[in-house]
J.: 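Quick one: structure below, then a few questions.
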Amino acid sequence: MAEVYPIGEIVQADYKTGRYIGKIIDWNPQGTKAAVQVLAVLKHPMQGNLHHPMSPDVSYFHQRRALADQEIALMPIDTIQPYSGTVPDYESSLKDALRADMAALDRTIRFSQKCLAELEALQKEYFPDES
């Protein structure tokens, strides 16, 4: 069973596909989730359809916002860990998390473009008569 942290403890926890720093303000009666008040963003939520990750070809491509400053969310107890260190202010943490996600996607785009160029070169080498 996951550790139960006291009310008021500063923790890091996952909510859906995002990761946050927050303060525990309550536990649900079953002890499976904690009500966590958001103080900062560590990882911005992933965009798109969670049932078809990394696929742009879905009927509905979800835009997911980060939880708001001071928003309270029920977070699964098994994702909660202690947080030590200075808690950054919400706005700068949100900006950093968003920029990190955008940079990772940019690397993915550039990688995919390079892969496609190499595969096209191989296709010409493998099948020279189809050019």
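All values derive from a computational prediction rather than experimental measurement.
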J.: Among all residues two or more places apart in sequence or in another chain, which pass the side-chain hydrogen bond (donor to acceptor under 3.5 Å, both in side chains) test with Q70?
T.: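 Q70 satisfies side-chain hydrogen bond (donor to acceptor under 3.5 Å, both in side chains) with Q37 once adjacent residues are dropped.
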
J.: Please round to the nearest 0.5 Å and tell me the distance separating atom CG of D78 and atom NZ of K33.
T.: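 Result: 10.0 Å between the selected atoms.
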
J.: Report the C-alpha distance between K43 and Q12 in whole Å, list the side-chain angles of each, state the deciding distance to 0.1 Å, and finish with yes or no for side chain to side chain contact (heavy atoms under 4.5 Å, CB included).
T.: CA-CA 11 Å; K43 181 188 172 300; Q12 55 186 324; over 6 Å; no

J.: Hydrophobic clusters here meaning ILVMFWY residues chained together by side-chain heavy-atom distances under 4.5 Å, can you tell me if I80 and I7 are in one?
T.: yes

J.: So how far is it from L119 CG to K114 NZ, rounded to the nearest 0.5 Å?
T.: 13.5 Å

J.: With sequence neighbours excluded, tell me which residues meet side-chain hydrogen bond (donor to acceptor under 3.5 Å, both in side chains) with N28.
T.: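 N28: side-chain hydrogen bond (donor to acceptor under 3.5 Å, both in side chains) contacts with Q30, T32.
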
J.: Under a 3.5 Å distance rule, please check whether Y20 uses its side chain to pair with a backbone N or O of L67 as donor and acceptor.
T.: yes

J.: When rounded to the nearest 0.5 angstrom, what distance separates CG in N49 from NE2 in H62?
T.: 4.5 Å

J.: For the pair S93 (side chain) and V41 (backbone), establish whether a donor and an acceptor sit closer than 3.5 Å, ignoring hydrogens and angles.
T.: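 A pair under 3.5 Å: yes.
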
J.: Please name all residues satisfying side-chain hydrogen bond (donor to acceptor under 3.5 Å, both in side chains) with E9, sequence neighbours left out, ordered by chain then number.
T.: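 side-chain hydrogen bond (donor to acceptor under 3.5 Å, both in side chains) check on E9 returns nothing, list empty.
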
J.: Quick one: pull up OG1 in T108 and CD in Q113 and give me the separation to the nearest 0.5 Å.
T.: 11.0 Å

J.: Applying a strict under-4.5 Å side-chain criterion to I, L, V, M, F, W and Y, I'd like to know whether I109 and L116 cluster together.
T.: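 No, it is not one cluster - the side chains of I109 and L116 are not joined through contacts under 4.5 Å.
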
J.: Starting at CG of L105, measure out to CZ of F111 and round the result to the nearest 0.5 Å.
T.: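 It is 14.5 Å, given to the nearest 0.5 Å.
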
J.: Heavy atoms only: give me the nearest R64-H44 pair and the separation to one decimal.
T.: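 Distance-wise, the nearest heavy atoms are O-CE1, 3.2 Å.
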
J.: Taking salt bridge (Lys or Arg N to Asp or Glu O under 4.0 Å) as the cut-off, I'd like each qualifying pair that reaches into residues 100-112, sequence neighbours left out, listed once.
T.: D106-R110

J.: Ignoring hydrogens, what is the shortest heavy-atom contact between M46 and M54? Give both atom names and the distance.
T.: CE-N, 4.3 Å

J.: With clusters defined by side-chain heavy atoms of hydrophobic residues (ILVMFWY) lying less than 4.5 Å apart, directly or transitively, does Y15 cluster with L50?
T.: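 Unlinked, L50 and Y15 end up in two clusters.
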
J.: Using links of under 4.5 Å between side-chain heavy atoms of ILVMFWY residues, direct or through other members, which residues join I72 in one cluster?
T.: I25

J.: Under the 4.5 Å side-chain heavy-atom rule for ILVMFWY, direct or indirect, which residues accompany L42?
T.: I10, I21, L39, Y83, V87

J.: Rounded to the nearest 0.5 Å, what separation is found between the CG atom of D14 and the CD atom of Q81?
T.: 7.5 Å

J.: Can you check whether Y5's main-chain N or O pairs, donor with acceptor, with W27's side chain at less than 3.5 Å?
T.: yes

J.: Does Q47 have more than 12 heavy atoms from other residues, nucleotides or ligands lying within 6.0 Å of its CD?
T.: yes

J.: For a quick test of reading the model, state the closest non-hydrogen atom pair linking Y90 to A66 and the distance between them.
T.: OH-CB, 4.2 Å

J.: For a quick test of reading the model, state the closest non-hydrogen atom pair linking H52 to V58 and the distance between them.
T.: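 Here H52 and V58 meet closest at CB-CG1, 3.7 Å.
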
